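Quick notes on the structure that follows.
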Protein chains: 2
Amino acid sequence: MSRVVAERQDVITMLAEIFREHGYDGASLSLITEKTGLGKGSLYHFFPRGKEEMAEAVLGDIASWFQTNIFNRLRNSEPPAAAIDDMFASVDSYFRQGRRLCLMGVIATSGAHDRFSAELNRYFADWRTALAEAFGRQGIAEDERKALAEEVIGGIQGALILARSLGDPQAFGRVLTRLKARCTLSHN
Amino acid sequence: MSRVVAERQDVITMLAEIFREHGYDGASLSLITEKTGLGKGSLYHFFPRGKEEMAEAVLGDIASWFQTNIFNRLRNSEPPAAAIDDMFASVDSYFRQGRRLCLMGVIATSGAHDRFSAELNRYFADWRTALAEAFGRQGIAEDERKALAEEVIGGIQGALILARSLGDPQAFGRVLTRLKARCTLSHN
DNA sequence: CAAGGTCTGTACCGATCGGTAAACAATTTA
DNA sequence: TAAATTGTTTACCGATCGGTACAGACCTTG
């Protein structure tokens with residue numbers, strides 16, 4: 001219905017990229033107004049509590065994307081092996097083959113970490129739960145599930161940092177392939 | 001010889017912890033003066049180019065610590081399996097069983113990333129080279145070495161983020177144990 | 001003890017920070 | 001069409017930013 005210039009969702013999408021690229025503290029309001037093309041007035045219209053609310057909105061948006069496209073599919077898709085393959089494909093695409101950082105990781109390693117600890121905790125805990133559950137349906141032992149899920153999710157985060165630091169996005173794909181292999185042939 | 005109140009090395013050690021905790025952009029000069037107990041005058045005496053030089057000094061200090069205590073031992077210790085075990089023990093201790101972040105990762109995910117890309121690249125590339133070389137002496141195939149090194153180093157980085165985000169430092173140890181197992185029984 | 005470097009605290013600089021106020025345009029509703 | 005709501009611009013606020021200047025304390029030499 002609304003045909004205004006800027007939808008809140010569009011702003012959130014732009015904010016996500018800005019926070020990803022510059023971090024929470026590095027994303028100043030002047031940088032945000034410049035990159036979004038919106039004045040402070042518009043920004044504070046959408047996010048009355050300012051920068052913190054912007055970040056909350058972005059994190060919430062990301063969390064719900066992962067819920068829909070990753071966690072829920074891990075829970076519902078059959079067979080579980082295909083669900084897990086799907087997860088790796090979605091992750092590779094979402095993180096642009098290693099050229100994009102994970103905003104959750106960016107926030108977790110920033111000074112603003114404390115302010116968003118609830119969101120961070122939920123994101124990683126939900127992912128671990130969903131992945132471990134898929135492992136369970138794959139017949140992996142109870143004890144092994146959570147540990148393997150942590151190895152995989154941590155591995156993804158670390159691979160993003162590695163790819164960026166080495167200036168070699170392909171390193172992300174290489175690690176991803178190995179992690180995937182580790183999931184499918186779960187003999188250990 | 002010198003018995004001044006604050007040695008440059010002491011300052012660097014404190015700076016490292018401040019940057020780790022608050023990130024590059026989050027570590028303001030007023031926070032630094034507060035945490036170190038040093039006035040701006042002292043800080044700019046040690047680091048005339050200011051904050052950027054402080055970070056360079058810290059990154060250099062960390063790089064040389066890893067060269068000495070991790071990379072060189074990976075290259076020289078025998079047998080290679082013991083060298084790799086040592087690496088995991090040192091890493092676990094250095095990162096305080098998952099309670100401490102890696103400053104290289106912190107910088108890599110911050111907006112200041114570009115300013116320190118050379119240091120980041122060298123750190124991760126050196127680590128990968130040294131670890132892959134140890135794998136070579138262990139008889140791991142040429143093609144496999146680099147890939148396994150990336151999996152392990154990335155896994156360490158990611159485990160730190162995971163541990164912090166979950167508020168569960170022990171997650172770091174759990175992942176570390178699995179990565180170590182993956183190195184020693186390298187049958188694959 | 002005098003001199004010169006090594007350190008340190010304080011005051012200050014212009015720029016930018018996150019945030020607020022209010023006038024105004026545009027759109028939707030009555 | 002009039003009123004109310006929604007969205008945007010602009011100017012401005014006090015606080016803090018990173019950095020500089022400089023006087024003086026401290027320490028080591030001659």
Side-chain angles (χ1 to χ4, degrees), chain A residues 1-59 61 103 106-107 110-116, chain B residues 1-59 61 103 106-107 110-116:
Chain A
M1 213 60 69
S2 48
R3 66 209 61 83
V4 287
V5 177
E7 296 276 357
R8 193 184 138 102
Q9 181 55 50
D10 299 335
V11 182
I12 291 177
T13 302
M14 288 188 285
L15 286 173
E17 233 50 47
I18 297 168
F19 282 127
R20 245 187 257 277
E21 198 59 33
H22 297 91
Y24 183 77
D25 289 306
S28 69
L29 284 198
S30 69
L31 184 71
I32 292 173
T33 60
E34 179 198 326
K35 298 271 182 189
T36 59
L38 265 54
K40 288 190 182 185
S42 304
L43 257 5
Y44 275 83
H45 169 72
F46 288 122
F47 312 100
R49 292 198 346 274
K51 199 170 148 178
E52 186 158 345
E53 188 171 354
M54 298 179 204
E56 285 170 9
V58 170
L59 292 181
D61 193 54
L103 186 56
V106 168
I107 298 291
S110 81
H113 153 259
D114 320 320
R115 268 186 266 196
F116 306 103
Chain B
M1 213 67 63
S2 49
R3 66 211 58 87
V4 286
V5 177
E7 297 275 357
R8 192 183 139 103
Q9 181 56 51
D10 299 335
V11 183
I12 290 176
T13 302
M14 288 187 285
L15 286 173
E17 234 48 48
I18 297 168
F19 282 126
R20 245 186 258 278
E21 198 59 34
H22 301 275
Y24 183 78
D25 290 305
S28 68
L29 284 198
S30 69
L31 183 71
I32 292 173
T33 60
E34 179 199 326
K35 297 274 182 187
T36 59
L38 265 53
K40 288 189 182 186
S42 306
L43 257 6
Y44 275 82
H45 169 73
F46 288 122
F47 311 100
R49 293 195 349 273
K51 199 171 151 179
E52 187 158 343
E53 188 171 356
M54 298 180 204
E56 285 170 9
V58 171
L59 291 182
D61 193 54
L103 186 55
V106 168
I107 298 292
S110 81
H113 153 260
D114 320 318
R115 268 186 266 195
F116 306 101

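Because the structure is a prediction, the values reported are computed rather than measured. So you know, we letter chains A, B, ... as the sequences are listed, proteins then strands, and number each from 1.
Look at CG on A:Leu38: it is 15 Å from C1' on C:dA26, rounded to the nearest Å. Rounding to whole angstrom units, CZ of residue A:Arg8 and P of D:dT6 are separated by 14 Å. For A:Leu29 and C:dG19, the CG to C1' distance is 8 Å, given to the nearest whole Å. Taking atom OH of residue B:Tyr44 and atom P of nucleotide C:dC13, one finds them 17 Å apart after rounding to whole Å. Distance CZ (B:Arg115) to P (D:dG18): 10 Å, rounded to an integer number of Å. Here C:dT20 presents its P atom at 18 Å from CZ of A:Phe46, a figure rounded to the nearest Å. If you take CZ of B:Arg49 and C1' of D:dG18, they are 14 Å apart, rounded to a whole angstrom. Rounded to a whole Å, the NZ atom of A:Lys51 is 15 Å from the P atom of C:dT16.
The aromatic rings of B:Tyr24 and B:Phe19 sit parallel to each other, their planes meeting at less than 30°, with 60° as the upper class boundary.
In terms of heavy-atom proximity, B:Phe46 sits nearest to B:Glu53 at O-OE2, 4.3 Å.
Closest to the side chain of A:Ser42, from the set D:dT9, C:dG18, D:dT6, is D:dT9.
Note on A:Gly41: a base of the nucleic acid sits closer than 4.0 angstrom, heavy atoms only.
In this model, the phosphate group of C:dT8 is not approached by any side-chain N or O of B:His45 to a distance below 4.0 Å at OP1 or OP2. For the pair A:Ser30 and C:dC17, the criterion of a side-chain N or O lying under 4.0 Å from OP1 or OP2 is met.
A salt bridge links B:Glu56 to B:Arg49: one of the charged nitrogens lies within less than 4.0 Å of a carboxylate oxygen.
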Verdict with supporting geometry, A:Val11 and A:Leu38, side chain to side chain contact (heavy atoms under 4.5 Å, CB included): CA-CA 9 Å; A:Val11 182; A:Leu38 265 54; 3.8 Å; yes
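In this model, no side-chain donor or acceptor of B:Lys40 finds a partner on the base of C:dG9 within 3.5 Å.
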